[in-house]
Amino acid sequence: MNKKIGNIFKGDKVVWMVFFFLCMISIVEVFSASSNLTYKSQNYIGPIVYHAGTIAFGVLVAVITLNIPCRFFKLMTPFLLLITAITLLWVLVGGQTINGANRVISLLGFTFQPSEIAKGTIVLATAQILSAMQRENGADKKAFKWILWITIPTCFLIGLENLSTAALLFMVVILMMFIGLVPFRQLGKLVGILLFFVILGISMVMLVGHDTTGQEEEIAKTEQTDQPKKKSKLEKLLHRADTWKGRILKFGKDDVTPQEYDLDKDAQVAHANIAIVSSNIIGKGPGQSVERDFLSQAFSDFIYAIVIEELGILGAFAVAFLYIVLLYRAARIASHCENNFPAFLVMGLALLLVVQAAFNMMVAVGLAPVTGQPLPLISKGGTSTIINCAYVGAILSISRSAKMKKEPGEEKNIG
């Protein structure tokens, strides 16, 4: 019996444990945080059954992925790049709108986010380029150019509808290039150019966008009743500028006293802060959250605030620690890989999950502006949950099938 279970759950055992704990925390906390969904649907058990089913399917995807030898991932790169290009253009033209942005595609009764596929594809392509162009003193200078030729158009297409996802993906690619020993001079120039464009982008957003802080409902009603106004080409290109400007202004506001705080204008941030403060360090206990009834995205963007409210500071540190362990194990797997491609790929996938998790947690505790990024493997989701599970499966596949360096006293695999 143990052998049969071992044959299914192959690969690094610590990664499996982290994956298991994150999934269990997800089921418990999403069940607790879905009070608004249960109220709207008048179905108490429906939302959590759907989420548990998504998690179960994600685990199946992880098991299937880990049984694919990592050398075959290279063969998937051209096809995934083609799918990424088609779906990202498709979603801009005919995608379904969520929170004011075209982010999902409906196909055969299912919806998926092309940006989730694009993230893994870019990491895969970057790992392949870095591994193919490694020299004795690091990556060839041409690797930098090839990576940017693939990354910049993809991030541009993603950024038109989901700027935070594009920014996080670009950050992961830069970290991969740093790990892949791309010349510091090239990386330094890139960072400088990025800072210039960030300043230029913020300036354009502040110029084109309108301050809609606290006016989302009024604007939505106006758009439904009034004739749409003609917009300039720049306004059409930056149609998300109002949202971005509102988030910048909210994050840049000076601290105000509790008496002056407007709960209507800053509901998400306010109730997230209340959830954290009301945890009283030890937490209220699983299922005992109060702020879940007031946070519109309690089960997604702000689920970490609910984790703190219910599980306390120790629970918050435990969740963060799981992501740190995942990154550590990925680094250990990479250090034991004999070939460059699996080493770069495992680090890229781990960074993809951990960087997004870190940013989500920073948003929840008020250290970063609200962006709409879910907490990987914990937040409620469809495409994102399943694809994140596939990323974990790929990490497990590398730990199981990649050729490892043989050292005295160590086995071939490190799982």
Side-chain angles (χ1 to χ4, degrees), residues 70-71 73-78 80-81 84-85 88 115 118-159 163-202 323-324 326-359 391 394-395 398 402-405:
C70 63
R71 65 180 180 275
F73 293 148
K74 285 186 178 182
L75 302 177
M76 299 166 61
T77 305
L80 288 174
L81 285 172
T84 294
L88 286 178
S115 60
K119 289 191 297 184
T121 302
I122 294 302
V123 166
L124 181 61
T126 300
Q128 194 162 341
I129 293 170
L130 287 172
S131 64
M133 306 189 76
Q134 281 295 304
R135 304 294 181 259
E136 291 183 2
N137 298 323
D140 190 291
K141 291 182 179 180
K142 294 181 180 179
F144 178 79
K145 178 184 69 175
W146 285 109
I147 291 171
L148 292 187
W149 271 113
I150 295 174
T151 303
I152 290 177
T154 304
C155 287
F156 176 76
L157 292 174
I158 295 173
L163 183 60
S164 59
T165 297
L168 290 176
L169 176 57
F170 210 98
M171 187 186 304
V172 169
V173 171
I174 291 175
L175 290 172
M176 288 183 69
M177 287 194 288
F178 177 78
I179 294 170
L181 300 178
V182 168
F184 288 159
R185 187 176 179 180
Q186 290 181 317
L187 289 178
K189 287 182 179 179
L190 176 62
V191 171
I193 293 171
L194 283 177
L195 287 175
F196 169 77
F197 277 106
V198 166
I199 295 171
L200 179 63
I202 292 175
Y323 289 107
I324 293 172
L326 178 62
L327 184 60
Y328 168 76
R329 292 301 296 184
R332 190 165 185 271
I333 293 167
S335 68
H336 282 71
C337 288
E338 190 170 292
N339 300 315
N340 289 319
F341 172 69
F344 291 140
L345 180 58
V346 74
M347 285 304 301
L349 293 174
L351 285 168
L352 202 58
L353 294 170
V354 175
V355 168
Q356 182 175 327
F359 205 82
Y391 295 159
I395 293 172
I398 293 168
K403 191 175 181 181
M404 299 295 175
K405 297 174 184 176

Audit row: M176, I147, side chain to side chain contact (heavy atoms under 4.5 Å, CB included) steps and yes/no: CA-CA 10 Å; M176 288 183 69; I147 291 171; over 6 Å; no
Single hit among V173, V172, L169, L168 for side chain to side chain contact (heavy atoms under 4.5 Å, CB included) with K119: L169
Gap separating the OG1 atom of T154 from the CG atom of L88, nearest 0.5 angstrom: 6.5 Å
N339 side-chain N/O to F341 backbone N/O, donor-acceptor pair under 3.5 Å: no
Heavy-atom check, side chain of I129 versus side chain of F344, under 4.5 Å: no
Single hit among L353, L345, V346 for side chain to side chain contact (heavy atoms under 4.5 Å, CB included) with L349: L345
CD1 on I395 to CE on M347, rounded to 0.5 Å: 9.5 Å
Working for side chain to side chain contact (heavy atoms under 4.5 Å, CB included), residues L148 and F170: CA-CA 10 Å; L148 292 187; F170 210 98; 4.1 Å; yes
Interatomic distance, M404 atom CE to H336 atom NE2 [nearest 0.5 angstrom]: 8.0 Å
For G180 against A139, the heavy-atom pair lying closest together: O-CB, 3.4 Å
Considering all heavy atoms, the nearest V182-Q186 contact: CG1-OE1, 3.6 Å
Gap between atom CG of L194 and atom CG of L187 - 0.5 Å precision: 10.5 Å
CD1 on I122 to CG on L81, rounded to 0.5 Å: 6.0 Å
N/O donor-acceptor pair under 3.5 Å between Y391 side chain and G120 backbone: yes
Stepwise side chain to side chain donor-acceptor pair (under 3.5 Å) test for S115 and T165: CA-CA 8 Å; S115 60; T165 297; 5.0 Å; no
Shortest non-hydrogen contact between I398 and C337, atoms and distance: CG2-SG, 4.0 Å
L326 CG to L351 CG distance, which is reported to the nearest 0.5 Å: 10.0 Å
Under 3.5 Å: donor-acceptor pair, side chain of S335, backbone of R332: yes
Residues that R185 engages under salt bridge (charged side-chain N to carboxylate O under 4.0 Å, His left out), provided they are two or more places apart: none
